[in-house]
Structure formats: C-alpha cells, structure tokens
Amino acid sequence: MGDKTTITIPGWQSISYFSETTNICWFLEPEFAKEVVRLHNVVGNAVTEGRYIVVGTGSSQLILAALYALSSHDAAEPIDVVSAAPYYSSYPLMTDFQKSGHYKWGGDARSFDKDGPYIELVTSPNNPEGHKTGPVLNRSNGLLIHDLAYYWPHYTPISSPSDHDITLFTVSKSTGHAGLRIGWALVKDQEVAKRMTKFIELNTIGVSKDSQLRAAKVLKVVSDSTEEENTEEGKSFFKYSYDVMEQRWKQLRAALEANGLFTVAYFPTGFCTFFNKKTENLPAFVWMKCEKDIENCQSLLRQHKILSRGGKHFGVSQRYVRVSLLDTNENFNLFIDRLSAMQL
Ligand code: PMP
C-alpha cells in the first residue's frame, strides 16, 4: 500500500484526554468510529446499526472490560468465566491474574457443571483450531462475549453479519497491526457499554488517540482498496491477503504430508458473502497433533528450531501444538523448510 496509510500528526494534537464528550465512550475518536462502521459494512461481517462502539488498547483490554461489565459487583461469589477447550491461551491467565473479586476462571466450558451464572468466551473462528464455533453451554443464566478477532474474509468465509450482545474485533488480526494496540467492541446494551467505558477510564483513562487515528487511516485504506477493486483498479487488501494465506496453507500441507509426523484438520469450504463465491478456511494458526508416540510436541519442534505453543496452554494435551502462520515470508519459508526436513 506504499504511502497510502501514512498520516501526519501535528505536535499540538491529542493534548486532551477527551475525544467526544457526548459519546458514551468519550475517548473514542469519531474518525476511527466512522471507519469501523464503514469497514464492517464493506465486509459484511458485523451488524453495526444500533451498537455502541467501545475502543480498547487491543481487544485484550476489552476482554477485561467486558468481564468487569458483565459481572455483578455485589454478588457473594465471583462469576465463573469459561471457554470451550482448546481455548485462546490468554483467557485463563487474564481472567485470574489480578484475583478479581468479580470474576474467576471456571475452566473448559464443556465440563462446567455448576448451576450458577457464568460468562462464556466464544472465539470464532477459534484460536487455536481455526474452526467456526458457537457457545457450547446455551443456558439461560449465561452471558456471552464473542471474540471475533479472526472473522475476516482472508481467514474464513464470511457467512453472515455477526449480531451478538458483545462482539470484539482487533486491528492485530484484521490487518496485522498488533503494535497499534487497538481493538473495538460492538455492544448492544447501553449499560454494558457504559461499564466497559468505566473500566477503561479507571484502567488507562482512555485509549491512545494517535493509535486510533493511525488505525482509522489503515481501515480507511482497506475499505478504499475493496471499493477500488470493484472499479477494476487493483487487488483489494482482502484478496491479496487471502492469496497469501492460501499459498501458505498449500506449502504447509505439502510439508506435513512429506514428514507424516503430524495431523491437521481439513476445513470445509464455505460460501463467502464478501467474495461472493465459495472460499477456504485459512486459519492464522496451524493446530497440529503429533501422530507418533511423542509426549511433548512443543519440545520436539523446539529441537528442530521451531517455536510453538503447547496444548496445555489451551487446556488440552501436550500432543497438540499451535504455530503462527502470520510471520514474515522469510520466517514462514524457514518454518516450512525445517518442518519438511523433520524426521524421527
Ligand atoms: N483474542 C484472540 C482470539 C486472539 O488471538 C488475540 C491475539 N492473539 C487477542 C484476542 C488479543 O488481541 P489484541 O492484540 O487486540 O489485544
């Protein structure tokens, strides 16, 4: 995209804490909010009408803000927070690291057998597996947080606009700008949006305006590139990224076939309303299972100079590992070379 996403920030800008005092999320930059709505409309992956947008320092901060907002602050017991294993490895750590009196980690949603209220974190497509998922408990006293970090057309077919009570997205995964530390929540309920905003106020008194302005520009260029493609001006960001992911998964499957040490799920294709055709599921991670008699898959890969994250972090056995596929071309090719050369 060359210089298209460059912005200039004058020295006098961003002096105040406030962005728009009439907005519930008073530190939300209007330009960023506008581009979030536009991008969701262009991609068709989320309903934005009638939603409150809450911006966060990454979706990480919004996960905590949502836990704070959904938990009852005068309950006798902290509410249980659950997610179906294998779950995103940070969930248990972030839930418990401050030993909140409001909420606590309750483990794998599939084995949660208490009667009381709970919060279920739903990640779709899932990190680490890459499948589309939904809540597993479906009880009337459950509260849901949908983490849709990977619900973008270069990772998964867009089937319909998501329409949940709390939906989280992040530039870390939509465009890879993890260093901007910008995520956003689409929230149906005004009280929940207020409480999430309060959490961020008490935590960091808002979210970097400079980052929001950069993120706004990045999202704008992504939306522009899609509209330009429709006028035949070039490949859109999503088409380009889809092609990269498709190529990487091809290389990966060939390498896995060559060494025969691991199994990886096959994903069904699905109709993508964004590309208007059937597309592949191309997860940002590969979730591999060691097939031979290997106890610790992570250390086996480590011996072959491949860094991965072992199954225990995701609530399952050490025979599973997750490897990121979003590194630079150079590192990805090194990974493929090392994987192909592996033998027992
Ligand atoms: N949710 C999921 C499922 C993730 O994979 C990640 C990043 N690994 C996050 C949230 C956190 O992202 P952020 O950089 O926006 O804090």
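Side chains included, hydrogens not; waters and symmetry mates left out as well; all remaining heavy atoms used. Start at 1 and go down the list; that is how both ligands and their atoms are numbered.
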- request: Check whether NZ of the Lys or CZ of the Arg Arg248 lies under 6.0 Å from the centre of the six-membered ring of Phe332 and within 45 degrees of that ring's axis.
  value: yes
query: Which hydrophobic side chains are connected to Val122, either touching it within the sub-4.5 Å cutoff or through other members that do?
result: Leu144
query: Taking a hydrophobic cluster as the set of Ile, Leu, Val, Met, Phe, Trp and Tyr residues connected by side-chain heavy atoms closer than 4.5 Å, whether directly or through intermediates, do Leu39 and Tyr240 fall within one such cluster?
result: no
field: Under 4.0 Å from ligand 1 - residues by heavy atom, chain and number
entry: Gly58, Ser59, Ser60, Tyr88, Thr123, Asn127, Asp147, Tyr150, Thr170, Ser172, Lys173, Arg181
- request: Would you check, one step at a time, whether the test side-chain hydrogen bond (donor to acceptor under 3.5 Å, both in side chains) holds for Arg319 with Asn296?
  value: CA-CA 6 Å; Arg319 292 188 71 164; Asn296 191 324; over 6 Å; no
query: Does a donor on one side chain and an acceptor on the other come within less than 3.5 Å for His40 and Trp184?
result: yes
task: State whether Tyr266 and Arg253 meet the cation-pi test: NZ (Lys) or CZ (Arg) under 6.0 Å from the six-membered ring centroid, and within 45° of the perpendicular axis.
output: yes
